[in-house]
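Data block below; observations after.
Just so it is clear, the values below take in all heavy atoms, side chains as well, and ignore hydrogens, waters and symmetry mates. Ligands are counted one by one from 1 in listed order, and the atoms in each one are counted from 1 as well.
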Amino acid sequence: MDYDTYGSGAVELAIDLANAELEAPDGLSDFLSAHHEWFTSGTPLALSDRDAAALTRTSRLVRAVAVAGSQDEVIARLNELLGLARPRPYATDHDGELHLHYARADASVLEQVTTTVAMGLSQVVIQHGWQRLGVCSAEGCDDVYVDTSRNASRRYCSNTCASRSTVAAYRARRKA
Ligand SMILES: [Zn+2]
Ligand SMILES: [Zn+2]
């Protein structure tokens with residue numbers, strides 16, 4: 001599947017945010033430092049309690065878009081997420097390649113994350129259909145994914161879950 005590189009990167013950031021362990025004590029700061037390359041260099045990564053709660057809400061909304069079962073539900077959740085975004089796009093070649101950034105360069109890290117994931121997710125949904133987002137079919141895993149396969153055949157969040165499920169299915173067949 002062929003989609004623009006920044007859009008596809010931004011949707012991966014959205015998926016990572018939805019799957020991050022934000023309830024863990026350092027969950028939010030771990031997520032932010034692992035993805036620091038997304039933010040204007042020098043952006044402070046420390047969050048106030050209020051911004052931490054807002055980022056958790058963004059994460060839940062991304063998940064809600066991914067697990068939604070109908071186009072109407074996707075539209076409602078996506079618009080809720082877009083309502084939190086503060087887009088002010090600009091072109092840049094800071095990494096050697098000309099591309100768009102969606103949030104103001106001097107925005108807070110909360111605003112940069114929320115705006116980037118909202119814009120990235122909505123571009124993919126609008127260009128490729130909401131069915132491209134899903135939740136892992138492996139037992140005991142509820143991570144979400146974006147399906148970039150040519151024939152939209154993805155069912156698992158990762159290769160680990162895919163092979164774990166294949167092994168489990170094989171064992172179940174042998175028992176039967
Ligand atoms: Zn960039
Ligand atoms: Zn999984």
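Between NE2 of H99 and NE2 of H94, the angle at the Zn ion (ligand 1) works out to 100°, rounded to 10 degrees. In this structure, SG of C157 and SG of C161 enclose an angle of 110° at the Zn ion (ligand 2), rounded to 10°. Rounding to 10°, one obtains 110° for the angle at the Zn ion (ligand 2) between SG (C141) and SG (C136).
For the residue pair E12/Y145, the side-chain donor-acceptor check at 3.5 Å is not satisfied.
Separation of atoms OG1 (T58) and CD (E111) is listed at 11.0 Å; rounding is to 0.5 Å.
Around the CG atom of N159, the shell of radius 6.0 Å holds no more than 12 heavy atoms that belong to other residues, nucleotides or ligands.
Of the candidates R154, R155, H128, R154 is the only one forming a side-chain contact (heavy atoms from CB on, under 4.5 Å) with D147.
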